[in-house]
Protein chains: 2
Amino acid sequence: MLQVGVNGYGTIGKRVADAVEAQPDMTLAGVAKTRPNYEAEAAVRKGYPLYAAIPDRADRFHDAGVDLAGDVEDLVIKSNVVVDTTPSGIGAANRELYDRYDTPAIFQGGEDADVADTSFVARANYDDAEGAQFVRVVSCNTTGLSRLLAPLREEYGVEKARVTLVRRGGDPGQTSRGPINDILPDPVEIPSHHGPDVQTIFPDLAIDTLGVKVPATLMHLHSVNVTLESAPDAEEVRRLLSEEPRLFVVPEVARIDGTGKLKEFAMDTGRPRGDLWENCIWERSISMEGRDLYLFQSIHQESDVIPENVDAVRAITGTAEQAESMAITDDRLGVGLESLFDGPRKRVVPRS
Amino acid sequence: MLQVGVNGYGTIGKRVADAVEAQPDMTLAGVAKTRPNYEAEAAVRKGYPLYAAIPDRADRFHDAGVDLAGDVEDLVIKSNVVVDTTPSGIGAANRELYDRYDTPAIFQGGEDADVADTSFVARANYDDAEGAQFVRVVSCNTTGLSRLLAPLREEYGVEKARVTLVRRGGDPGQTSRGPINDILPDPVEIPSHHGPDVQTIFPDLAIDTLGVKVPATLMHLHSVNVTLESAPDAEEVRRLLSEEPRLFVVPEVARIDGTGKLKEFAMDTGRPRGDLWENCIWERSISMEGRDLYLFQSIHQESDVIPENVDAVRAITGTAEQAESMAITDDRLGVGLESLFDGPRKRVVPRS
């Protein structure tokens with residue numbers, strides 16, 4: 001049984017902790033947090049061992065009446081793998097700590113690619129993580145793009161991808177972020193950093209990305225163009241994408257018109273925190289114009305990387321093969337929404 | 001002196017009326033309105049002759065204490081040209097009235113293209129309107145795209161354009177429109193109607209468009225990709241666009257990051273209603289990747305078609321050539337913002 005520590009217990013960390021606890025082959029060694037806020041309180045109520053991420057601040061927990069199991073160093077020693085879900089830049093600073101105890105660690109997409117031996121998307125390059133000391137699960141947007149592009153590359157070949165990312169301004173809990181009633185080029189430079197980040201997964205891929213920021217908090221929306229090397233019809237592409245376990249082709253019959261109803265649907269189906277681990281691709285948007293594929297997909301910025309973090313734990317420790325890991329992760333989390341619409345059953349085994 | 005009637009006095013109509021009054025060669029015959037609301041009151045205060053758009057409802061104006069000069073039929077008889085700025089679909093129904101009195105009319109982009117003999121963007125196809133009985137000024141987005149594509153086609157040739165239109169949900173005054181905190185594919189079908197609408201101006205142009213709707217009211221934002229037939233560098237493209245009178249290349253030095261600051265700038269410079277008649281193209285976004293041009297441009301949905309309506313009046317009556325009309329319109333309205341930044345002076349004469 002793998003002992004997994006989670007350093008950082010915010011938006012991603014709390015989800016990774018729950019996902020780890022749901023797996024049959026790993027257990028949560030504990031979580032480290034800087035402050036005794038509402039999330040720390042919730043962790044304690046769940047019975048998760050809580051560690052002080054900053055030892056000097058342990059008093060704050062004591063003062064708030066929150067029990068600690070120790071400091072983050074204790075957690076690193078106790079863990080077979082640490083998932084670092086601290087804010088951007090802090091992960092890189094934590095690397096020395098993991099290195100000191102020879103504990104493999106998984107960083108998030110907010111860190112630069114060179115923090116790790118490899119960047120990681122389970123569907124695309126699982127095997128690259130085996131034997132690595134440090135792995136970086138890429139950002140939500142890069143994960144969503146890589147999952148989509150992997151089967152398209154394999155099946156049709158990709159000449160060039162051009163994607164406009166209509167990005168939510170902040171998460172629902174990020175009360176100080178904007179914009180309000182504005183539409184901003186963000187970044188105004190083209191291409192945005194997303195394209196080069198996808199290239200950490202597919203080094204030879206031609207991709208240009210553009211970022212826009214809007215007053216919404218629920219999910220991102222990608223306006224996708226992929227010039228393929230062949231010209232399948234739209235129905236063939238739809239079927240291909242439908243077969244991918246982590247792509248949810250939103251059926252026309254669902255009458256889901258935007259990110260609000262997607263989240264509502266996730267909550268109605270009992271998803272924890274209303275999470276959508278899958279890319280949500282509007283069936284009706286899948287179109288071919290010559291060799292140009294177009295579609296819209298929404299990405300839940302808070303949760304689509306969660307299955308990837310679980311898979312990265314198995315990949316970095318070499319405890320399961322790609323197909324096996326993804327199948328277990330998806331089964332234990334409950335990934336896969338299309339079956340609810342009597343659509344074709346998803347294949348659990350990824351294409352290879 | 002051309003007598004110009006404006007039928008419909010809402011978002012577009014009130015702006016067209018003011019723009020007509022500002023011209024040296026035309027005068028406002030009057031405006032027709034259905035209801036005595038705040039806009040009718042404002043028209044009367046400006047001294048604009050007010051006509052009842054629906055004769056049966058003339059009593060409502062009398063009851064509200066608003067004086068009428070007559071019914072819309074009187075306005076049509078009195079006018080050399082009518083600009084129809086009624087809501088989508090009403091224009092087509094009004095056609096018979098204009099036809100009855102042999103009065104040339106200019107419709108807006110909400111009408112189907114077949115309402116008129118030709119669709120119209122001054123920079124692109126001014127001469128097509130000469131001698132026509134009915135002309136249709138295309139929608140704000142189509143106008144913005146055509147103005148951008150015209151010089152690119154002439155200078156470099158366009159292999160294909162792919163544009164994602166991040167659309168404002170409604171105008172500031174449209175209080176019942178959404179979305180709130182959502183990002184919607186809209187329409188979810190690809191391509192959206194905007195591409196075919198641009199083809200009413202450039203019939204041989206390859207263009208695919210995608211529409212997204214977001215919670216903002218100030219302006220649209222276009223994420224533009226144009227695959228050119230040659231490969232100029234970005235600076236050359238920037239210079240080309242800079243020379244176009246109705247394209248405002250927003251200089252880096254202005255520190256304008258989105259539509260909110262663009263509108264703020266328009267108000268600070270004393271623009272009526274904070275209008276932005278020009279496409280607003282972020283200088284820093286203009287990028288070339290091989291033959292792929294990328295840029296962001298914002299379009300003020302309430303006002304970018306106003307200069308086009310004024311030019312359409314001259315085009316349909318044959319009272320001025322393209323270059324002359326555009327120069328007069330721009331001069332009288334005050335089109336052109338770049339000179340405020342000591343940039344190169346705009347050419348008043350369009351490229352031909």
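Note on naming: letters A, B, ... go to the chains in the order of the sequence lines (proteins, then strands), and numbering restarts at 1 for each one.
Only the side chain of B/N225 comes within contact range of chain A, with at least one heavy atom under 4.5 Å from a heavy atom of that chain. Of the atoms belonging to A/K263, not a single heavy atom falls under 4.5 Å from chain B. Interface remark: A/V166 contributes backbone and side-chain atoms alike to the contact with chain B (heavy atom separation under 4.5 Å). Interface residue B/K160: only side-chain heavy atoms are found under 4.5 Å from chain A. Looking at B/S192, neither its backbone nor its side chain comes within 4.5 Å of chain A, counting heavy atoms on both sides.
Heavy-atom pairs under 4.5 Å with chain B peak, among A/G260, A/P215, A/A206, at A/P215. Across B/G290, B/P172, B/P185, B/A216, the residue that shares the most heavy-atom pairs under 4.5 angstrom with chain A is B/P185. With chain A as the partner, the residue from B/V214, B/T164, B/L218, B/D208 showing the most heavy-atom pairs under 4.5 Å is B/D208. The most heavy-atom pairs under 4.5 Å with chain B, out of A/S298, A/P191, A/S287, come from A/S287.
The pair A/R153-A/E159 fails the salt-bridge criterion, with no side-chain N (NZ, NE, NH1 or NH2) lying under 4.0 Å from an Asp/Glu carboxylate O. Salt bridge absent: B/R238 and B/E252 never bring a charged side-chain N and a carboxylate O closer than 4.0 Å. Salt-bridge annotation for A/E235 and A/R239: present, with a side-chain N of the basic residue lying under 4.0 Å from a carboxylate O of the acidic one. Salt bridge A/D257/A/K261: present, at least one basic N to carboxylate O contact under 4.0 Å. The pair A/R147-A/E278 does not meet the salt-bridge criterion, since no charged nitrogen lies less than 4.0 angstrom from a carboxylate oxygen.
In this structure, A/I12 and A/V305 have side chains that are in contact, with non-hydrogen atoms separated by less than 4.5 Å. Using a 4.5 Å heavy-atom threshold, the side chains of B/L210 and A/Y294 count as touching. Inter-residue side-chain proximity for A/W277 and A/R271 is flagged as met; some heavy-atom pair is nearer than 4.5 Å.
Using a 4.5 Å cut-off between non-hydrogen atoms, the part of residues 176-184 of chain A that approaches chain B consists of A/N181, A/D182, A/I183, A/L184.
There is a side-chain donor-acceptor pair under 3.5 Å between B/S139 and B/T142. Using modelled atom types and a 3.5 Å distance limit, the side chains of B/T209 and B/R162 yield no donor-acceptor pair.
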